[in-house]
Peer 1: 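The structure under discussion is supplied below as structure tokens; questions concerning it will follow.
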Amino acid sequence: MAHSLAMSYSQMGVRRSLLTLVRVNQKQGFDCPGCAWPEGDHRSPAEFCENGAKAVAEEATLRRVTGEFFAEHTVSELAGRSDYWLGQQGRLTEPMYKPAGSDHYEPVAWDEAFSIIARELRALESPDEALFYTSGRTSNEAAFLYQLLVRRFGTNNLPDCSNMCHESSGSALTQTLGIGKGTVSLDDLHKADLVFVVGQNPGTNHPRMLSALEKAKRNGARIVAVNPLPEAGLLRFKNPQKASGVAGRGTKLADRFLQIRLNGDMALFQALSKLMLEAEDANPGSVIDHEFVETHTHGFHDFEKNVRELEWADVEEATGLPRAAVEETVQDVLGAKSVIVCWAMGLTQHKNSVATIREVVNFLLLRGNVGRPGAGVCPVRGHSNVQGDRTMGIYEKPSAAFLDALRDEFGFEPPRRHGADAVESIRALRDGHAKVFVAMGGNFVSATPDTAVTEAAMRRARLTVQVSTKLNRSHAVCGEEALILPTLGRTERDGDRFVTVEDSMGMVHASRGRLAPASPDLLSEVAIVSRLAMRLFEQDGPSGIPWERFEADHDAVRDRIERVVPGFEDFNARVRRPGGFALPNAPRDERRFPTDTGRANFTANDLEVLRLAPGRLLLQTVRSHDQYNTTIYGMGDRYRGVHNGRRVVFVNPDDLAERGIADGELVDLVSEWPDGERTAEAFRVIAYSTARGCCAAYFPETNVLVPLDSTADTSNTPTSKSVVVRLERHAAATG
Ligand SMILES: Nc1nc2c(c(=O)[nH]1)N[C@H]1C(S)=C(S)[C@@H](COP(=O)(O)OP(=O)(O)OC[C@H]3O[C@@H](n4cnc5c(=O)[nH]c(N)nc54)[C@H](O)[C@@H]3O)O[C@H]1N2
Ligand SMILES: Nc1nc2c(c(=O)[nH]1)N[C@H]1C(S)=C(S)[C@@H](COP(=O)(O)OP(=O)(O)OC[C@H]3O[C@@H](n4cnc5c(=O)[nH]c(N)nc54)[C@H](O)[C@@H]3O)O[C@H]1N2
Ligand SMILES: [Mo]
């Protein structure tokens, strides 16, 4: 907490800092833009986590980017700046326009900005030549109107940050459980006997989750951490909300730490299932929940046959874990009545991610650990409203049912052809198939893989439009013509209106900003979408869609959401109740699985052990404690003991010794892919406890190494957690 306050003082000034942190944290008032972890029932106004406070301070900064700033700095100069420097410049204050051929943004009136976008969109040969990205902070109301505008315009090109994040979870869970979301509530977590935390660093990325884990532990739960890195916050926990927590040594959180090799999780979960089947053989009727398997599932025999054939040599090679460690973990499982598996990017950003998550589901289904208290799947989402955006229809592959509902409500025929996801969008720009790129938040250029390819692709666009709160690289690496549309953040007042969001556990609640807007010229995201729609569709004559009303009255938007999206009955009334309401969740609420078989699906997945050529390492790209995705707060990573500098690579000491490289040396990271090599230069080596054969370095500096075509099967998510690299001694700079 001392650290987060220091940061907010420098960004905001003392008085405003304290006021903000206390005011925005009032229960029933505000959804923290930090992460998607749910708010507990007993949150006091003084409670906030360090990284939530940083996210708030970043947005509530007193620094401003004005028209004069853009007069002083050319676009090419800004493209040479770091993400950190760009973010430090402060909040965007007025709409800016870069005409074709110019190297400067200049102020533009809102009205003129909307005319430029409408002109370029109407000039396209097909609506599919436009791409409409969304990052996950966008409110339900803005997201719903945005997808309405996009589909009314005529395309499903709605890529979003999910494509790079939990898409693998959505794909696997929809197929196996019939819902693309988690099946547990906060209360379930408190009640679980055993919680797996796999491929996740909650101490940094979901700090409030640690309080829930601590509570589960107090109630008797065991916690198993599965990670190549011994993440400090997860292994030991110091409650940031208690004075003793900050000062004391903290409590031990994880009871068991499986230091797995990158990409070894599929083998691990298959092995756990195999051992459970064998325990059942030895003691029939004691392990498998036969009643559940028979009444509620499909595909058991294929799954069973597949995991029984699993070879231990493959498991040991893939996981790097001794067989005994896996056997001991099965004892934890057999001793637990209810089990929850939580995960994040460590599971979702690999080639075999969807299959891996299907194996997590198999493992839970065996003992009926889905759809009863204290048990289930818990994919922990990233951006604060990324789950809500998807619920609102931000999806390039919408269901027919959703499109039918949209048609019936708004009286137009939405396009049925599926659209482009994030990776396909980059290809479309690269190949000249897409010409206009609009982003509702985010920093597409820095967040996506293969930086050189992506930047060249973006520069081919005829027009790029960024709706943003802060300056970032996507404003500097832009199309021929470019617009920056500054918008209100979550912390800011929008008249007396509020917006709504959905957290990682499907709770919908209201969020109302309390601070004065960063500039009088900002528009809300809802207003930006509504005004653009009015301009874009004005020549079509009356459409019956009351865009003007939507801007003024968010209740009117919520009434429409209620009629289009299942689960939002009585939306306006229910969201005004303290704590909001839970969306229906068939597996959780009724043990019903709306899949293609009408049951929970076991699956059989082939294990392919990732074997590297001699000398190669598997690189994962991770977040430091001092960043929010592409927003860099500072140069440290306290929990991993790094204090100044982000160009570092964490490597196992034995792997370093084998290569004759010493701790502290400078290396280049060279990634290898069939289409060629990619290099990220000058990383300082840190000898670190990570699994053998693996290394880690920060995103987005290393995105240049992730090949565009290296994506997960089915979900098409870039493989940000398994990039094959070699280390080369950095040639000392000359001259
Ligand atoms: N402060 C802060 N909070 C954030 C964010 C932020 O940048 N800063 N980002 C938000 C977003 S959008 C997201 S998606 C989440 C991300 O939350 P996380 O998923 O926790 O983020 P990462 O830093 O990508 O960490 C991945 C973790 O998985 C482990 N891991 C990597 N590969 C493997 C593997 O193959 N197997 C296993 N078992 N483990 C593996 C890594 O060692 C690391 O601990 O956080 C959200 N919250
Ligand atoms: N190599 C590698 N790449 C990754 C990942 C990884 O682990 N490794 N993680 C991936 C993941 S999980 C994700 S989610 C993506 C993140 O991708 P994005 O969501 O595109 O990126 P962010 O850095 O979160 O976006 C930050 C920008 O959002 C804008 N912003 C902030 N708040 C608001 C708001 O309220 N409204 C609007 N309109 N704009 C706002 C600000 O201008 C800020 O500069 O990155 C992915 N990329
Ligand atoms: Mo994310």
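Indexing begins at 1, ligand by ligand and atom by atom, following the structure's order.
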Peer 1: How far is atom 4 (C) of ligand 2 from its nearest protein heavy atom, and which residue and atom is that?
Peer 2: Phe699 CE1, 3.2 Å
Peer 1: I'd like to know if the side chain of Gln89 and the backbone of Leu86 have a donor-acceptor N/O pair within less than 3.5 Å.
Peer 2: no
Peer 1: Tell me the nearest of Ser446, Gly513, Ser468, Gly442 to atom 25 (O) of ligand 2, using heavy-atom distances.
Peer 2: Gly442
Peer 1: Decide, yes or no, whether a salt bridge links Asp31 with Arg137 under the criterion of side-chain N to carboxylate O below 4.0 Å.
Peer 2: no
Peer 1: Has Asn157 got a side-chain atom pairing as donor or acceptor with Ala420's backbone, closer than 3.5 angstrom?
Peer 2: yes
Peer 1: Strictly distance-based, threshold 3.5 Å: is any side-chain N or O of Asn703 a donor or acceptor partner for the main-chain N or O of Thr451?
Peer 2: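 It does not hold such a pair.
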Peer 1: Can you report which non-hydrogen protein atom sits closest to atom 21 (O) of ligand 2, along with the distance?
Peer 2: Asn443 N, 3.6 Å
Peer 1: Flag the pair Arg646 and Asp626 as a salt bridge only when some basic side-chain nitrogen lies within less than 4.0 angstrom of an acidic carboxylate oxygen.
Peer 2: no
Peer 1: Any idea which part of Asn51 is under 4.0 Å from ligand 1, heavy-atom wise: side chain, backbone, both or neither?
Peer 2: side chain
Peer 1: Which of the atoms of ligand 1 are close to His383, meaning less than 4.0 Å from one of its heavy atoms?
Peer 2: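 In order of numbering, the contacting atoms are 12 (S).
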Peer 1: Please could you name the atoms of ligand 2 that Met345 approaches to less than 4.0 Å, counting only its heavy atoms?
Peer 2: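 Matching atoms, with element in brackets: 12 (S).
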Peer 1: Look at the side chain of Glu167 and the backbone N and O of Ala712, then say whether any donor-acceptor pair between them is shorter than 3.5 Å.
Peer 2: no
Peer 1: So is Gln349 in contact with ligand 2, going by heavy-atom distances below 4.0 Å?
Peer 2: yes
Peer 1: Parallel, tilted or perpendicular: which describes the rings of Tyr688 and Phe650, with under 30° parallel and over 60° perpendicular?
Peer 2: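 Rings of Tyr688 and Phe650: perpendicular, over 60°.
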Peer 1: Within the distance-only criterion (no hydrogens, no angle test), does the side chain of His166 pair as donor or acceptor with the backbone N or O of Ala344 below 3.5 angstrom?
Peer 2: no
Peer 1: Looking only at atom types and distance, does a side-chain atom of Glu59 sit under 3.5 Å from a main-chain N or O of Val56, one as donor and one as acceptor?
Peer 2: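 No; judged by distance alone, with no hydrogens or angles, the pair does not exist.
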Peer 1: Check each atom of ligand 1 against the heavy atoms of Asn263 and keep those under 4.0 Å away; list them by number with element.
Peer 2: 34 (C), 35 (O)
Peer 1: Considering distance alone, does some N or O of Gly199 sit under 3.5 Å from an N or O of ligand 1?
Peer 2: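 Yes, at least one N or O pair falls under 3.5 Å.
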Peer 1: Quick one: nearest non-hydrogen protein atom to atom 16 (C) of ligand 2, plus distance?
Peer 2: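 Here the nearest protein heavy atom works out to Asn629 ND2, 3.6 Å.
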Peer 1: Among all protein non-hydrogen atoms, which one is nearest to atom 26 (C) of ligand 1, and what is the separation to 0.1 Å?
Peer 2: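 Looking at atom 26 (C) of ligand 1, the protein heavy atom closest to it is Lys721 CE, 3.6 Å.
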Peer 1: When you measure from atom 31 (C) of ligand 1 to every protein heavy atom, which one gives the shortest distance, and what is it?
Peer 2: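 Scanning the protein heavy atoms, the shortest distance from atom 31 (C) of ligand 1 goes to Gln620 OE1, 2.9 Å.
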Peer 1: What about Gly136: any of its N or O atoms under 3.5 Å from an N or O on ligand 2?
Peer 2: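 No; the residue has no nitrogen or oxygen that sits under 3.5 Å from a nitrogen or oxygen of the ligand.
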Peer 1: Considering the heavy atoms of Ser135, write down every atom of ligand 2 situated less than 4.0 Å from one of them.
Peer 2: 18 (P), 19 (O)
Peer 1: For Thr204, take its heavy atoms, then give the atoms of ligand 1 lying under 4.0 Å from any of them.
Peer 2: 1 (N), 2 (C), 3 (N)
Peer 1: How far is atom 38 (N) of ligand 1 from its nearest protein heavy atom, and which residue and atom is that?
Peer 2: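 Here the closest protein heavy atom is Asp265 OD2, 2.8 Å.
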Peer 1: Closer than 4.0 angstrom, basic N to acidic O: yes or no for Arg390 and Glu502?
Peer 2: no
Peer 1: Identify the closest protein heavy atom to atom 47 (N) of ligand 2: which residue and atom is it, and at what distance?
Peer 2: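 Looking only at protein heavy atoms, the one closest to atom 47 (N) of ligand 2 is Ala447 O, 2.6 Å.
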Peer 1: Less than 4.5 Å apart, any side-chain heavy atom of Leu610 and any of His350?
Peer 2: no
Peer 1: What residue and heavy atom of the protein are closest to atom 13 (C) of ligand 1, and at what distance?
Peer 2: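 Among all protein heavy atoms, the one nearest atom 13 (C) of ligand 1 is Gly382 CA, 3.2 Å.
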Peer 1: What's the separation between atom CG in Leu471 and atom CG in Leu78, rounded to the nearest 0.5 Å?
Peer 2: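 Rounded to the nearest 0.5 Å, the CG-CG separation comes out at 6.0 Å.
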Peer 1: To check your reading of the model: name the closest protein heavy atom to atom 18 (P) of ligand 2, its residue, and the distance in Å.
Peer 2: Tyr133 OH, 3.5 Å
Peer 1: What protein heavy atom is closest to atom 10 (C) of ligand 2, reported as residue, atom name and distance in Å?
Peer 2: Met164 O, 3.6 Å
Peer 1: When you look for heavy atoms under 4.0 Å from ligand 2, do you find them on the side chain of Cys165, its backbone, both, or neither?
Peer 2: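 Both parts.
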Peer 1: Starting from atom 44 (O) of ligand 2, which protein heavy atom do you reach first, and at what distance in Å?
Peer 2: Asn472 ND2, 2.8 Å
Peer 1: Would you please classify the geometry between the Phe196 ring and the Phe269 ring as parallel, tilted or perpendicular, with 30° and 60° separating the classes?
Peer 2: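 The arrangement is tilted - the two ring planes meet at 30° to 60°.
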Peer 1: Report yes or no: does Asn163 contribute a side-chain atom to a donor-acceptor pair with the main-chain N or O of Asp160 at less than 3.5 Å?
Peer 2: yes
Peer 1: Is any NZ, NE, NH1 or NH2 atom of the basic residue among Arg531 and Glu551 found under 4.0 Å from an Asp or Glu carboxylate oxygen of the other?
Peer 2: yes
Peer 1: At under 4.0 Å between heavy atoms, is it the side chain or the backbone of His350 that contacts ligand 1, or both, or neither?
Peer 2: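 The part of His350 near ligand 1 is the side chain, not the backbone.
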Peer 1: For Arg490, is at least one N or O under 3.5 Å away from an N or O on ligand 2?
Peer 2: no
Peer 1: With heavy-atom distances below 4.0 Å as the criterion, list the atoms of ligand 1 near His206.
Peer 2: 15 (C), 17 (O), 45 (O), 46 (C)
Peer 1: Is there at least one pair of N or O atoms, one from Thr630 and one from ligand 2, spaced under 3.5 Å apart?
Peer 2: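 Such a contact does occur with ligand 2.
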Peer 1: Got an N/O contact under 3.5 Å between Val467 and ligand 2?
Peer 2: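 Yes - when backbone and side-chain N and O of Val467 are compared with those of ligand 2, one distance drops under 3.5 Å.
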Peer 1: Measure the acute angle between the ring planes of Tyr133 and Phe437, then classify it against the limits of 30° and 60° as parallel, tilted or perpendicular.
Peer 2: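 It falls in the parallel class, under 30°.
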Peer 1: Under a 4.0 Å threshold between the charged nitrogen and the carboxylate oxygen, would Glu58 count as salt-bridged to Lys54?
Peer 2: no
Peer 1: Nearest protein heavy atom to atom 8 (N) of ligand 1, by residue and atom, and its distance?
Peer 2: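 Minimum-distance protein heavy atom for atom 8 (N) of ligand 1 reads Gln627 O, 2.7 Å.
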Peer 1: Take Thr448 and Met164, measure what side-chain contact (heavy atoms from CB on, under 4.5 Å) needs, and give me the verdict at the end.
Peer 2: CA-CA 8 Å; Thr448 49; Met164 300 175 271; 3.7 Å; yes
Peer 1: Give yes if a backbone or side-chain nitrogen or oxygen of Thr621 is under 3.5 Å from a nitrogen or oxygen of ligand 2, and no if not.
Peer 2: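 Yes; at least one N/O pair falls below 3.5 Å.
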Peer 1: Side chains of Glu231 and Arg640: closer than 4.5 Å at any heavy-atom pair?
Peer 2: yes
Peer 1: Among Met266, Glu231, Gln200, which one puts a heavy atom closest to atom 43 (C) of ligand 1?
Peer 2: Glu231
Peer 1: Under 4.0 angstrom from ligand 2, any heavy atom of Asn703?
Peer 2: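 Yes; Asn703 lies near enough to ligand 2 that a heavy-atom distance drops under 4.0 Å.
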Peer 1: To check your reading of the model: name the closest protein heavy atom to atom 34 (C) of ligand 1, its residue, and the distance in Å.
Peer 2: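 Answer, as residue, atom name and distance: Gly346 O, 3.1 Å.
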Peer 1: If we ignore hydrogens and angles and just use 3.5 Å, is the side chain of Glu492 paired with the main-chain N or O of Ala518 as donor and acceptor?
Peer 2: yes
Peer 1: Could you work out, for atom 24 (O) of ligand 1, the closest of Arg623, His166, Arg261 by heavy-atom distance?
Peer 2: Arg623
Peer 1: Starting from atom 37 (C) of ligand 2, locate the nearest protein heavy atom and write down its residue, its atom name and how far away it is, to 0.1 Å.
Peer 2: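 Scanning the protein heavy atoms, the shortest distance from atom 37 (C) of ligand 2 goes to Glu525 OE2, 3.1 Å.
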Peer 1: Are Tyr146 and Glu525 packed together at the side-chain level, in the sense that at least one heavy-atom pair is separated by less than 4.5 angstrom?
Peer 2: no
Peer 1: If we set the cut-off at 4.0 Å for heavy atoms, which region of Thr469 has an atom near ligand 2: side chain, backbone, both, or neither?
Peer 2: both
Peer 1: Among the heavy atoms of His625, does any lie under 4.0 Å from an atom of ligand 1?
Peer 2: no
Peer 1: Can you report which non-hydrogen protein atom sits closest to atom 42 (O) of ligand 1, along with the distance?
Peer 2: Asn227 OD1, 2.6 Å
Peer 1: Which heavy atom of the protein is the closest neighbour of atom 45 (O) of ligand 1, given with residue, atom name and distance?
Peer 2: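 Looking at atom 45 (O) of ligand 1, the protein heavy atom closest to it is Asn205 CB, 3.3 Å.
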